[in-house]
Amino acid sequence: MERTPIGDLRAHLDQTVMIKGWLHVLRDQKKIQFIVLRDKTGMVQITHWKPNDEKLAELISSLTTESALRVTGKVSDNPQVKLGGLEIQLESLAVENLAESPLPFEPFGEKDNLPALDYRLDWRFMDLRRTENLLLFQAQTTMEMALREYWVERGYIEMHSPKLMGSPSESGAELFELDYFETKAYLAQSPQFYKQMAMAAGFEGVFEIGPVFRADPSFTSRHMTEFTSIDLEISWIEDEDDVMSNQERMLQYAYQRVKDAHGDAIKEVFGLEIEVPQVPFPRVTMAEAHQILKEVGYQLPPEKKNDLDPGAERALGDYIKQKTGSDFVYITEWPFAVRPFYHMKKGDNLTRSFDLLANGLEITTGAQREHRYDILLEQAKEKGLTADPIQFYLDFFRYGCPPHGGYGMGLSRLLMVMMKLSNIRETVYLFRGPNRLQP
RNA sequence: GGGGGCGUGGUGUAGUGGCUAACAUGCGGCCCUGUCAAGGCCGAGACCGCGGGUUCGAACCCCGUCGCUCCCGCCA
């Protein structure tokens, strides 16, 4: 007999079916036993009248919560049953894997008793059984598929760049160093150089969704040492605004797809209405941002005169939300002083670069890149870099490299913002941080 | 790396100088002709992170240490 998903049982009334799932609840009474079985698609009540089969009744009495079961029985309509108005009259039951008791914690227990995040991460497989998490990763799957649809429709090419590198790609964030035969290698902190290479290769539009590594000992609710980066790079742009308008329409599309596929479930499980953003997103230059901060009375530390700190980003997010209703805002025209050498300058001191803030959280940095070899070399020097270790990169710009730009976006940060969750460790399958390499 | 907070049965909390350390949930047992996040009764389970100190007396105060956590720095 083929397995029937629990969510489809209504279509099998009065038939004998086989279902497989986890024992959600057992109500063991004197004459009658009720098992609530759960699979990915839903839950159903299985009823067993004990005198029908005392041996089977005994087996059922010995079952533990979360055990993996295979059950056959007849589907019957019963309006009396609060769970879907139907139940299964038990015919046979097999235990695939008996759960030990007690469980490390009750994934379906009362919300107030939910263990601390760190403990749940120790037992992540159990934590992931929670409805919230199942839905979260279903939504992530839909979102990633939507992004790929958006890009593939535009003819962009998906790339998979190496994560082992012989030299650092960008300055700034720290690199993980590892032994590589007779020499040293580094884990990629970004596919930046390689996606720009694709522009020199004539691919015109590329994207990559892949892992990146940052050796920063950051102890916050929004940093990881390994995370999935969503990267895009496109050629023949006029300026950085082409990159922004490309990204915002993509995000709008992805939000719409998630809402269409999971909107009702998200509302039920998270109590959250997915809001598809309006485009274009508001755009604020760095100079305007500082003016706004002054207006709302946010004190920026003196060393941040060219920059923003997380508090300023939250204050700007609040201000924009209040003024325009938008959760998203682009901060543009960042000073060259706080940007990497390959961002194209705008005037002497500014750049054609942007950050995207969502609910006051930085989820993207992007820019038009400097594609003119001489100027790029000059800017590298200005940042104190020597050409030698990055000559392979600089060579991209010597034989006909088109103007281009792109961005990098954190997958889990995007999900965190979309689902309004306060800790990134909730939105990643397995968290990696300075103190967490297991499981 | 700097700063703040927390550390009590399996889990989540209460207790902030004098208790046999409380409650919820989970676990075990019994009761209940249909329950439904079932209900009722009974029971087991914590020397209060660890080490030292103050005190007649410490879960509670002090010092150290470890762990976790949040913020800042860094960024996605």
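Since the model is a prediction, treat every value here as computed from it, not as a measurement. By convention in this document, chain letters (A, B, ...) are assigned in the order of the sequence lines, proteins followed by strands, and residues within each chain are numbered from 1.
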For [X], report the nucleic acid contact type (base, sugar-phosphate, nothing); a contact means any heavy atom under 4.0 Å.
X: A:Ser412; result: nothing
X: A:Ile230; result: nothing
X: A:Phe108; result: nothing
X: A:Ile32; result: base
X: A:Asp355; result: nothing
X: A:Val25; result: sugar-phosphate

Check this for me: does the side-chain of [X] come within 3.5 Å of the base of [N] through a donor and an acceptor?
X: A:Gln45; N: B:U35; result: yes
X: A:Glu87; N: B:G34; result: yes
X: A:Glu106; N: B:G10; result: yes
X: A:Arg413; N: B:C75; result: yes

Between [X] and [Y] (salt bridge meaning N to carboxylate O under 4.0 Å), is one present in this structure?
X: A:Asp122; Y: A:Arg436; answer: yes
X: A:Asp77; Y: A:Arg10; answer: yes
X: A:Arg38; Y: A:Glu66; answer: yes
X: A:Glu132; Y: A:Lys111; answer: yes
X: A:Lys163; Y: A:Glu208; answer: yes
X: A:Asp8; Y: A:Arg3; answer: no

To the side chain of [X], which of [options] is closest?
X: A:Asp309; options: B:G73, B:C75, B:U35; value: B:G73
X: A:Tyr119; options: B:G34, B:G10, B:U33; value: B:G10
X: A:Pro217; options: B:A37, B:G73, B:U25; value: B:G73
X: A:Asn435; options: B:C70, B:A76, B:C68; value: B:C68
X: A:Pro115; options: B:G12, B:C71, B:C75; value: B:G12
X: A:Thr364; options: B:A76, B:C75, B:C68; value: B:A76
X: A:Asp216; options: B:C74, B:A37, B:G34; value: B:C74

Reckon [X] has a side-chain N or O less than 4.0 Å from the OP1 or OP2 of [N]?
X: A:Asn423; N: B:C70; value: yes
X: A:Ser218; N: B:G1; value: no
X: A:Arg314; N: B:C72; value: yes
X: A:Arg425; N: B:C70; value: yes
X: A:Lys30; N: B:C32; value: yes

For [X] and [N], give me the distance from atom [atom1] to atom [atom2], rounded to whole Å.
X: A:Asn113; N: B:C23; atom1: CG; atom2: C1'; value: 11 Å
X: A:Glu174; N: B:G1; atom1: CD; atom2: P; value: 11 Å
X: A:Arg38; N: B:A37; atom1: CZ; atom2: C1'; value: 14 Å
X: A:Lys82; N: B:G34; atom1: NZ; atom2: P; value: 14 Å
X: A:Glu208; N: B:A76; atom1: CD; atom2: C1'; value: 15 Å
X: A:Gln33; N: B:C31; atom1: CD; atom2: C1'; value: 16 Å

[N] - base-pair partner by Watson-Crick or wobble geometry, distances under 3.5 Å:
N: B:A76; value: none
N: B:C48; value: none
N: B:G7; value: B:C66
N: B:G57; value: none
N: B:C27; value: B:G43
N: B:A22; value: B:U13

Could you work out the separation of [N] and [M] based on their [atom1] atoms and round it to a whole Å?
N: B:A58; M: B:C63; atom1: C1'; value: 15 Å
N: B:U8; M: B:C71; atom1: C1'; value: 27 Å
N: B:G73; M: B:U20; atom1: P; value: 50 Å
N: B:G43; M: B:G18; atom1: C1'; value: 30 Å
N: B:U65; M: B:G26; atom1: P; value: 41 Å
N: B:G52; M: B:U13; atom1: P; value: 29 Å
N: B:C50; M: B:G12; atom1: C1'; value: 23 Å
N: B:U16; M: B:A22; atom1: C1'; value: 15 Å

Side chain to side chain donor-acceptor pair (under 3.5 Å) between A:Gln247 and A:Thr364, intermediate numbers included: CA-CA 10 Å; A:Gln247 185 190 24; A:Thr364 283; 3.0 Å; yes
Ring pair (Phe, Tyr, Trp, His ring centres under 6.0 Å) with A:Phe207: of A:Tyr150, A:Trp151, A:Tyr407, only one passes, and it is A:Trp151
N/O donor-acceptor pair under 3.5 Å between A:Ser235 side chain and A:His404 backbone: no
Would you check if A:Phe227 stacks with the base of B:A76, given a 5.5 Å centroid limit and a 30° plane limit, both strict? yes
Taking the six-membered ring for Trp, does A:Phe34 stack with B:U35 (centroid gap under 5.5 Å, planes within less than 30°)? yes
